[in-house]
J.: 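I have a structure I would like to understand better, so I am pasting it below and will then ask my questions one at a time.
Computed from a predicted structure; not experimentally measured.
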Amino acid sequence: MRGVIMNAPGQVSVVDRPDPVIVEPTDAIIKVAATCICGSDLWPYRGANDVHDAPMGHEYVGYVEEVGSAVTTVKPGDFVVGSFMASDNTCEICRAGYQSRCVQVHGMGGIGTQSEYARIPLADGTLVATAEAPDTDLIPAYLAASDVLGTGWFAAVAADVKPGSTVAVVGDGAVGLLGVLAARELGAERIIAMSRHADRQELARQFGATDIVAERGRDGVSAIKELTNGLGAHSVIEAVGTQESMMQAIRSTRPGGHVGYVGVSHGVELPGDKLFYSTVHLHGGPAPVRRFLPDLLDRIARRTIDPGKVFDLTLPLEQAAEGYRAMDQRTAIKVLLEP
C-alpha cells in the first residue's frame with residue numbers, strides 16, 4: 001500500500017509500505033476513506049522533534065476490511081470513525097472519560113494513518129460505526145471528529161463552557177476554530193476568537209464567534225479585558241501549545257475561571273507565582289475523543305454541525321508533501337488527503 005513517511009524534518013515522501021495485517025485478536029483493518037494533516041504533524045516537520053522515516057498521520061475514517069477474532073462491535077463493510085488514541089474503553093481511566101490515557105493506550109501516530117489502509121488496535125474500544133455509509137459530502141465532517149473536532153470539544157468542556165458564558169479562544173488553527181464551534185454548541189453567549197488572519201476570522205464567525213481580537217500576548221490580554229469589563233473571560237481555550245499562548249490564556253481568564261488547554265505543549269513552563277495568584281482552573285491534555293464520538297457523530301449525521309469546513313485544501317495522498325508545505329506556510333488551515 002502507499003503511505004506517507006517523514007524522512008527527516010521538512011522532508012515528506014509517499015512510499016510503498018507493507019500492507020497492515022491483524023496482529024492481535026482485538027485489531028481491525030480499515031480501508032482509509034479520508035485522512036489529513038494535523039497541526040501537531042508540523043512540530044516534527046519544523047524540526048521540533050527528531051524524525052527519520054517515520055510513518056505519519058493519526059486521523060482517519062474508513063471502511064472495515066477485516067476484524068480480529070475478539071472484535072464484536074464493528075464488522076467488515078462498516079463505515080467507522082476512530083480516535084487518534086486507541087483505547088479499550090473499559091479500563092477505570094476510560095470509564096472515567098479519559099480514553100486518551102487508557103491503561104492500554106496506543107497512539108495512532110505510531111501506526112501512521114496517512115495511508116491507503118490502517119491497522120486499528122483495540123477496535124471495539126476505539127472505532128464507532130455510523131448507522132449507514134455516509135453521503136460523500138459528510139466524510140470531511142466525520143474525519144474532523146477523529147481529532148480536531150473532538151479536541152476542540154474537549155477543550156471547551158475542560159474550560160467549563162456553560163450557557164450564557166463568555167469564552168476566549170487562543171489559536172486559530174483547526175482545533176481553535178472547532179473550539180469556537182464547540183463553545184457555541186455548549187451555549188456560550190459571547191465567543192472571542194483570537195486571530196490575525198482574515199480567512200480564519202471569517203470561518204470563526206461562521207462557527208459562532210461574536211468578537212475577533214487580532215492582538216497577541218499582553219496586548220491580546222488587554223483587548224480581552226476591555227471586552228469583559230476588566231474581568232477576563234469565564235472560559236479560555238488554549239489551542240497552540242507555546243509559552244506565549246499558555247500565558248495569554250491564563251491572563252485572559254477571570255479569577256475563578258477555567259482554562260482548557262489542548263495545544264501540544266512545547267517549551268511551556270508555568271511560573272508558580274503567576275499561577276498561584278491567577279486563581280484559575282487548568283485542565284487539558286490529549287483529548288479523550290472517544291468520550292465524545294457518539295454525540296458528535298449524531299450531530300454530524302443530523303447536519304446540525306459541519307466541522308468539515310476546516311478543510312480548505314483537498315489533495316490526493318500522493319501530493320502529501322504539498323499539503324505539508326501549505327499548512328507550514330499557513331496558506332491552508334487544514335489539508336484533507338484522499339488515498
J.: Would a distance-only check, ignoring hydrogens and angles, find a side-chain to backbone donor-acceptor pair under 3.5 Å from Ser100 to Pro286?
T.: yes
J.: Could you check whether any side-chain N or O of Asp19 sits under 3.5 Å from a backbone N or O of Met1, counting only pairs where one atom can act as donor and the other as acceptor?
T.: yes
J.: For residues Leu127 and Thr73, determine if any side-chain heavy atom of one lies less than 4.5 Å from a side-chain heavy atom of the other.
T.: no
J.: Quick one: which residue pairs count as a ring-ring contact (aromatic ring centres under 6.0 Å, His included) with a foot in residues 92-111, not counting sequence neighbours?
T.: Tyr98-His283
J.: Give every residue pair that meets the side chain to side chain donor-acceptor pair (under 3.5 Å) criterion with at least one member in residues 165-176, sequence neighbours excluded.
T.: Asp172-Ser195, Asp172-His197, Asp172-Arg330
J.: With sequence neighbours left out, which residue pairs that include part of residues 25-49 fulfil the ring-ring contact (aromatic ring centres under 6.0 Å, His included) condition?
T.: Trp43-His266, Tyr45-Tyr324
J.: Is the shortest distance from a Lys or Arg side-chain nitrogen in Arg325 or Asp328 to a carboxylate oxygen in the other one below 4.0 Å?
T.: no
J.: What are the two closest non-hydrogen atoms of Gln248 and Val221, and how far apart are they?
T.: O-CG2, 3.7 Å
J.: Is Val262 linked to Leu296 within one hydrophobic cluster, defined over Ile, Leu, Val, Met, Phe, Trp and Tyr using a side-chain heavy-atom separation of less than 4.5 Å?
T.: yes
J.: With a sphere of 6.0 Å drawn around CD of Gln329, does it hold more than 12 non-hydrogen atoms of other residues, nucleotides or ligands?
T.: yes
J.: Is the closest side-chain heavy-atom distance between Trp153 and Leu186 below 4.5 Å?
T.: yes
J.: Residues in side-chain hydrogen bond (donor to acceptor under 3.5 Å, both in side chains) with Arg218, at least two apart?
T.: none
J.: If you count every heavy atom of other residues, nucleotides or ligands that lies below 6.0 Å from Glu189 atom CD, does the total exceed 12?
T.: no
J.: Who passes side chain to side chain contact (heavy atoms under 4.5 Å, CB included) against Ala301, sequence neighbours left out?
T.: Tyr142
J.: Measure across Met194 and Glu215 and return the closest heavy-atom pair with its distance rounded to 0.1 Å.
T.: CE-O, 4.0 Å
J.: Would you confirm whether Asp78, through its side chain, and Lys75, through its main-chain N or O, come within 3.5 Å as a donor-acceptor pair?
T.: yes
J.: Could you tell me whether the side chain of Asp88 reaches within less than 4.5 Å of the side chain of Cys94, counting heavy atoms only?
T.: yes
J.: Between Ile300 and Ile305, is the side chain to side chain contact (heavy atoms under 4.5 Å, CB included) condition met? List the steps.
T.: CA-CA 6 Å; Ile300 291 168; Ile305 59 173; 4.0 Å; yes
J.: Working to the nearest 0.5 Å, report the span between CG of Leu293 and CG of Asp298.
T.: 12.0 Å
J.: Considering residues at least two apart in sequence or located in another chain, which fulfil the ring-ring contact (aromatic ring centres under 6.0 Å, His included) criterion with His234?
T.: none
J.: Compare all side-chain heavy atoms of Val148 with those of Glu59 and state whether any distance is below 4.5 angstrom.
T.: yes
J.: Is it true that Tyr60 and Val335 fall in one hydrophobic cluster, defined by side-chain heavy atoms closer than 4.5 Å?
T.: no
J.: Could Lys334 and Asp147 be called an ion pair, given the rule that one side-chain N must be under 4.0 Å from one carboxylate O?
T.: no
J.: About how many Å separate CZ of Arg119 and CD1 of Ile30, when rounded to the nearest 0.5 Å?
T.: 12.0 Å
J.: Going only through I, L, V, M, F, W and Y residues with side-chain contacts under 4.5 Å, is there a path from Val128 to Val32?
T.: no
